[in-house]
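Chain letters run A, B, ... following the sequence lines, proteins first and then strands; every chain starts at 1. Bear in mind the structure is a predicted one, so any value in this text is a computation, not a measurement.
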Protein chains: 2
Amino acid sequence: MGLRERKKQATRRALQEAAVGLTLEHGLENVTVEEIAAAVDVSPRTFFNYFPTKEEAVLGNAPLSPDEESREVFAMGGPTGDFVNDLTHLITASFASWEDVTAHRTLMRLRKQILEKEPQLAPRAFAQLHGAEEGLGRTIARRLGSAPEDARPQLIAATAMSVMRHTMKRLDFHEGEDAEHVRARLREGFHHLSEVYAPSSG
Amino acid sequence: MGLRERKKQATRRALQEAAVGLTLEHGLENVTVEEIAAAVDVSPRTFFNYFPTKEEAVLGNAPLSPDEESREVFAMGGPTGDFVNDLTHLITASFASWEDVTAHRTLMRLRKQILEKEPQLAPRAFAQLHGAEEGLGRTIARRLGSAPEDARPQLIAATAMSVMRHTMKRLDFHEGEDAEHVRARLREGFHHLSEVYAPSSG
DNA sequence: CGAAATTTTGCATCCGATGCAACTATGAGG
DNA sequence: CCTCATAGTTGCATCGGATGCAAAATTTCG
């Protein structure tokens, strides 16, 4: 990787960290793009060459869609044959590089703190998960062999994302949390659902 | 109701309709607050006396939380004794006045069209449901007698909101859709979930 | 009618965001 | 090393959303 590319990565990272740090310190509304840019010693205009909005610098914008191979495996009935368990594999495959997430645990933790302090940002954070929802529904439809007008796959995708969201909310991004750990938590969540929503369980 | 109050309601309604109409016609980004205000023959500044943001005029801001009595009934094990069925009652009670919703079917339909055409607005629309989630979780916790550290009520609330969202997406806001109709659709949704997430159903 | 309360409005201002053109740094080839 | 092409940075102008404030205008009520 050349000098040019390295500098870009460094600037990007620095802007994210400045955005996160300043937001935690003063609150999102009391931090201007001008300040963030100044902290990194870059012009305000450059900030917008890296991030389309201030919020995106604060929250990050992980792409969040399972790779083609994982989708194919899931659609064909794998990897284990158990629907719920396979679903947890598909979901965790969404983190294009889970190592990346764990490598930046500190940043993730700070972002979690921000989300707790600034509820206005929550919708924007959901938008990422929601973006993946439709595609997830299509993959589920393939596995189930559903007719196109069957609404169930989308429903399953929507609730699965809820479980994912619920699970992520309780992650603390420390060492122990690898993909298998997350899958275990997801399985727990799905299990709770099957208990609660079973007929006459109240 | 005095003249003053009536005029306010009229202005509010007119602004919403102008916002919705212009947005459908030209797209959200191509409609300015100035234009919306001009269409209602009101100063731009006045627009912001009614709505804090342009988006809120377009999407509306129904409060969306069940009334105290409905929460109490649910927490105490009613109204039917079946958990899932009672949950559908609690959720539909969230529409402080369902009549209001049905009375403005046209506006609701237009908003639905907007949400399909302008995906950027979806997160903001979810925010309303998300706002109700935590409170719903607490009510569920009361009914289940859960310990405070039990995460299940929040999980149930989150997925219930997903089912609600999924259901609302398929409403078309015509005459037949009263609260009981919606509850039936919700029950269907919950039923699908119990089937799918049941152990070894793949 | 006239005073009090409430709304509307204009004005100034801030800040996020975008397009554009000039400038600067990097990378590749002779 | 120098030069050119390319990519990235910067300043500038501009737009539009949003807010605070104080001066009109309007409704309410005595």
Nucleotide [N], atom [atom2] - distance to [atom1] of [X] in whole Å:
| X | N | atom1 | atom2 | answer |
| --- | --- | --- | --- | --- |
| A:R45 | D:dT10 | CZ | P | 11 Å |
| A:L22 | C:dG16 | CG | P | 12 Å |
| B:K54 | D:dC15 | NZ | C1' | 12 Å |
| B:N49 | D:dA24 | CG | P | 18 Å |
| B:R6 | D:dT28 | CZ | C1' | 13 Å |
| A:Q120 | C:dG16 | CD | P | 14 Å |
| A:N30 | D:dA18 | CG | P | 18 Å |
| B:E56 | D:dA18 | CD | C1' | 13 Å |

Does the side chain of [X] get closer than 4.0 angstrom to OP1 or OP2 of [N] through an N or O atom?
| X | N | answer |
| --- | --- | --- |
| B:Y50 | C:dT7 | no |
| B:K8 | C:dT7 | yes |
| B:T46 | C:dT9 | yes |
| A:K7 | C:dT26 | yes |

Problem set entry | Aromatic B:F83 / basic B:R143 pairing, under 6.0 angstrom, 45° off normal | no
Problem set entry | Within 45° cone and under 6.0 Å: B:R12 NZ/CZ vs B:Y50 ring | no
Problem set entry | Side chain of A:F48 - closest among C:dG27, C:dG16, D:dG17 | C:dG16
Exercise. Do A:E195 and A:H191 have a side chain donor and acceptor closer than 3.5 Å?
Worked result: yes
Exercise. B:T167 and B:R185: side-chain donor and acceptor closer than 3.5 Å?
Worked result: no
Problem set entry | Pair B:E56 + B:R124: basic N to acidic O under 4.0 Å | no
Exercise. For A:F47, which contact category applies under a 4.0 Å heavy-atom criterion: base, sugar-phosphate, or nothing?
Worked result: nothing
Exercise. So what does A:P44 touch, heavy atoms closer than 4.0 Å: a base, only the sugar-phosphate, or nothing?
Worked result: nothing
For this session: Identify, between B:G2 and A:R4, the residue whose nearest nucleotide on DNA chain D lies closer to the 5' end.
Result: A:R4
For this session: Using heavy atoms to find the nearest nucleotide of DNA chain D for B:E5 and B:E29 separately, return the residue whose nucleotide is more 5′.
Result: B:E29
